[in-house]
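Working notes for the structure below.
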Amino acid sequence: MLDTPFYIACLKLTGRRCVVVGGGEIGLEKVEGLLACDARVVLIAPDANAELQRLAEEGSIEWVRKRYERGDLEHTFMAIAATNDTDVNIAVYNDAEARAMLVNVVDVPPLCNFILPAIVRVGPLAIAISTAGASPALAKRMKTQIAETYGEEYARLAVMLNDVRGWAKGTLPTYQDRKAFFEDIVNGDPDPIELIRNGDEAAVLELIAAAQRAHEPTTA
Ligand SMILES: C[C@@]1(CC(=O)O)C2=NC(=C\c3[nH]c(c(CCC(=O)O)c3CC(=O)O)Cc3[nH]c(c(CC(=O)O)c3CCC(=O)O)/C=C3\N/C(=C\2)[C@@H](CCC(=O)O)[C@]3(C)CC(=O)O)/[C@H]1CCC(=O)O
Ligand SMILES: NC(=O)c1ccc[n+]([C@@H]2O[C@H](COP(=O)([O-])OP(=O)(O)OC[C@H]3O[C@@H](n4cnc5c(N)ncnc54)[C@H](O)[C@@H]3O)[C@@H](O)[C@H]2O)c1
């Protein structure tokens with residue numbers, strides 16, 4: 001799989017039907033990942049572990065208590081198979097592929113048209129690490145190391161920069177102007193990340209205000 005050039009993207013799952021087939025520990029892991037992204041999760045499995053049953057009872061997921069059938073993929077955006085039956089996993093893959101649907105069979109690369117990276121999430125930041133299947137264990141180790149480097153201060157700066165995007169789009173006429181404005185702040189002196197680390201958000205706001213003054217077109 002190392003010669004597969006994977007196209008990395010961020011999917012919007014909000015409100016979309018995502019089907020998980022298999023109600024064991026691994027099925028639960030996948031359900032939780034999808035719920036964290038506001039997907040409409042449908043679990044297909046004749047039995048499910050206690051936590052999945054709880055999620056179904058509280059209405060967080062729909063549990064269809066039966067064995068998988070092709071029709072379960074109707075109107076579905078993504079399917080993830082996590083059963084202990086290879087024939088079922090192959091059927092899910094074939095049925096999803098026939099509909100050009102996104103499909104992942106956990107830990108079976110030939111039955112995936114997308115694979116899952118290890119992810120570091122902090123606020124709006126998401127850093128994905130993929131080894132193209134070469135070593136999930138290494139991806140997991142890197143996740144820990146990256147999480148130590150890119151913490152809350154980066155997430156906070158992202159939010160502060162988002163707050164000024166409206167001003168930039170409304171005030172700075174060209175893409176180049178907006179690019180220069182944001183790069184001045186992000187790579188600014190003093191370093192905004194260091195300022196946030198030291199608890200001095202007021203100085204970051206001042207850095208942003210100074211960039212606004214420097215980049216605002218003159219009306220004369
Ligand atoms: C990242 C992560 C995300 C997630 O699952 O959400 C993920 N696997 C994780 C953990 C993990 N998986 C395995 C181990 C044992 C150690 C090891 O083998 O390294 C550990 C470590 C552990 O469990 O601690 C075993 C394993 N995994 C695959 C195979 C098949 C094969 O090698 O042929 C085998 C051998 C099975 C066997 O030997 O029988 C295949 C895949 N696993 C992927 C993703 C995709 C490639 C990702 C990439 O590298 O780009 C891919 C291709 C398909 C997919 O499943 O999407 C998650 C870390 C989550 C986190 O902690 O953040
Ligand atoms: N548990 C682990 O740590 C782990 C790690 C890596 C890979 N795996 C593999 O991932 C798979 C899932 O692991 P698990 O621990 O969640 O397994 P599990 O045995 O606990 O759960 C399997 C689930 O699949 C369901 N299932 C079986 N046939 C089905 C069908 N026809 N339609 C719908 N659902 C069906 C079962 O009802 C059960 O809910 C297994 O193949 C396992 O070898 C497990």
Side-chain angles (χ1 to χ4, degrees), residues 1-11 13 17-39 41-57 60-74 76-98 101-123 125-151:
M1 213 178 31
L2 296 195
D3 51 5
T4 304
F6 287 102
Y7 187 73
I8 310 292
C10 301
L11 301 178
L13 296 185
R17 179 181 159 104
C18 295
V19 167
V20 174
V21 186
E25 205 46 48
I26 301 295
L28 170 64
E29 213 177 87
K30 302 301 154 181
V31 163
E32 286 175 334
L34 293 168
L35 283 179
C37 296
D38 290 343
V41 180
V42 179
L43 172 70
I44 310 288
D47 57 69
N49 67 24
E51 178 58 12
L52 284 167
Q53 290 185 29
R54 194 191 64 76
L55 288 169
E57 275 158 24
S60 297
I61 65 170
E62 179 189 344
W63 176 21
V64 187
R65 193 168 188 167
K66 65 170 189 63
R67 298 173 66 81
Y68 168 78
E69 293 164 296
R70 182 180 309 200
D72 297 328
L73 298 187
E74 285 293 320
T76 298
F77 183 68
M78 173 188 292
I80 300 183
T83 80
N84 50 0
D85 184 328
T86 300
D87 291 338
V88 177
N89 288 343
I90 292 172
V92 173
Y93 174 76
N94 286 336
D95 296 345
E97 265 289 318
M101 187 183 291
L102 289 171
V103 59
N104 176 287
V105 175
V106 178
D107 283 3
V108 190
L111 299 181
C112 291
N113 60 27
F114 75 96
I115 62 171
L116 289 168
I119 301 176
V120 178
R121 276 186 204 277
V122 198
L125 297 183
I127 307 169
I129 305 128
S130 172
T131 66
S135 174
L138 178 61
K140 201 170 162 185
R141 173 190 159 155
M142 290 173 70
K143 174 175 114 168
T144 312
Q145 290 175 304
I146 288 168
E148 283 163 9
T149 308
Y150 296 98

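In each ligand, atom 1 is the first atom listed, and ligand 1 is the first ligand listed. FYI, side chains are in, hydrogens and waters are out, and symmetry mates aren't considered; it's all heavy atoms of this structure. Nothing fancy with the numbering, it's 1 onward along the sequence.
Checked by distance only, ligand 1 and Ala134 stay at 3.5 Å or farther apart across all their nitrogen or oxygen atoms. At a 3.5 angstrom cut-off on N or O pairs, Ile26 counts as close to ligand 2. Between Tyr68 and ligand 2, at least one pair of N/O atoms sits closer than 3.5 Å. Of the N or O atoms in Pro109, none lie within a sub-3.5 Å distance of an N or O in ligand 1. Considering backbone and side-chain N/O atoms, Lys66 never comes within less than 3.5 Å of an N/O atom of ligand 2.
Near Arg67, meaning under 4.0 Å from one of its heavy atoms, ligand 2 places the atoms 31 (N), 32 (N). Near Lys30, the atoms of ligand 1 lying under 4.0 angstrom from a non-hydrogen atom of the residue are 4 (C), 5 (O), 6 (O). If you number the atoms of ligand 1 from 1 as listed, the ones under 4.0 Å from a heavy atom of Ala118 come out as 1 (C), 62 (O). Shown in contact with Lys143 at under 4.0 Å from a heavy atom are these atoms of ligand 1, numbered in order with element: 60 (C), 61 (O), 62 (O). Near Asp47, with a cut-off below 4.0 Å to any heavy atom, the atoms of ligand 2 are 36 (C), 37 (O), 38 (C), 39 (O). Using a 4.0 Å cut-off to heavy atoms of Met1, the atoms of ligand 1 that qualify are 52 (C). Listed by number with element, the atoms of ligand 2 under 4.0 angstrom from any heavy atom of Glu25 are 16 (O). Short contacts between ligand 1 and Ala132, defined as distances under 4.0 Å to a heavy atom of the residue, involve ligand atoms 48 (C), 49 (O), 50 (O). Per-residue contacts place Ser130 under 4.0 angstrom from the following atoms of ligand 1 (heavy atoms of the residue considered): 48 (C), 50 (O).
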side-chain hydrogen bond (donor to acceptor under 3.5 Å, both in side chains) assessment of Tyr68 paired with Asp95: CA-CA 11 Å; Tyr68 168 78; Asp95 296 345; 2.7 Å; yes
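In this structure, atom 42 (C) of ligand 2 has its sub-4.0 angstrom surroundings free of protein heavy atoms. Using a 4.0 Å threshold on non-hydrogen atoms, atom 17 (O) of ligand 2 does not count as touching the protein. For atom 57 (C) of ligand 1, no protein non-hydrogen atom is found at a distance below 4.0 Å. In this structure, atom 37 (O) of ligand 2 is in close contact with the protein, since a protein heavy atom lies within 4.0 Å of it. In this structure, atom 44 (C) of ligand 1 is in close contact with the protein, since a protein heavy atom lies within 4.0 Å of it. Atom 32 (O) of ligand 1 is never approached by the protein to below 4.0 angstrom, counting heavy atoms only. The protein reaches atom 33 (C) of ligand 2 closely, with a heavy atom under 4.0 angstrom from it. Atom 39 (O) of ligand 1 is never approached by the protein to below 4.0 angstrom, counting heavy atoms only. Atom 11 (C) of ligand 1 is approached by the protein to below 4.0 angstrom, counting heavy atoms only.
Looking only at protein heavy atoms, the nearest one to atom 26 (N) of ligand 2 is Thr83 CB, 3.9 Å. Closest to atom 49 (O) of ligand 1 among all protein heavy atoms lies Thr131 OG1, 2.5 Å. Shortest contact from atom 6 (C) of ligand 2 to any protein heavy atom: Asp107 OD2, 3.2 Å. Nearest protein heavy-atom neighbour of atom 54 (C) of ligand 1: Asn104 ND2, 3.6 Å. From the protein, the heavy atom lying nearest to atom 2 (C) of ligand 1 is Leu116 O, 3.9 Å. Nearest protein heavy-atom contact of atom 23 (O) of ligand 1 is Lys140 NZ, 4.4 Å. Distance from atom 23 (C) of ligand 2 to its nearest protein heavy atom, with residue and atom name: Gly23 N, 3.5 Å. With respect to atom 27 (C) of ligand 2, the closest heavy atom belonging to the protein is Asn84 OD1, 3.3 Å. For atom 27 (N) of ligand 1, the closest non-hydrogen atom on the protein side is Asp107 OD1, 3.0 Å.
Side chains of Asn104 and Cys112 form a contact here, defined as non-hydrogen atoms less than 4.5 Å apart.
Looking at Val21 against ligand 2, only its side chain comes within 4.0 Å, counting heavy atoms. Counting heavy atoms closer than 4.0 Å to ligand 2, residue Ile44 contributes backbone atoms (N, CA, C, O) but none from C-beta onward.
For Val106, the closest heavy-atom approach to ligand 2 does not fall below 4.0 Å. Under a 4.0 angstrom heavy-atom cut-off, Ala82 registers as being in contact with ligand 2.
Applying the side-chain contact (heavy atoms from CB on, under 4.5 Å) test to Thr86 and every residue at least two apart in sequence or in another chain returns Ile90.
Considering Pro46, Ala81, Ala45 only, the shortest heavy-atom separation from atom 29 (C) of ligand 2 involves Pro46. Of the options Val88, Asp85, Leu52, the smallest heavy-atom separation from atom 31 (N) of ligand 2 is shown by Val88. When Ala139, Pro136, Ala137 are ranked by how near their heavy atoms come to atom 13 (C) of ligand 1, first place goes to Pro136. The residue among Gly24, Gly22, Ala91 with a heavy atom at the shortest distance from atom 21 (O) of ligand 2 is Gly24.
Atom CE of Met101 is surrounded by more than 12 heavy atoms from other residues, nucleotides or ligands within 6.0 Å. Other residues, nucleotides and ligands contribute over 12 non-hydrogen atoms within 6.0 Å of the CZ atom of Phe6.
Between Leu35 and Ser60, the shortest heavy-atom contact is CD2-O, 3.5 Å.
Look at Arg54 and Glu57 and you find no salt bridge, because none of the NZ, NE, NH1 or NH2 atoms lies under 4.0 Å from a carboxylate O.
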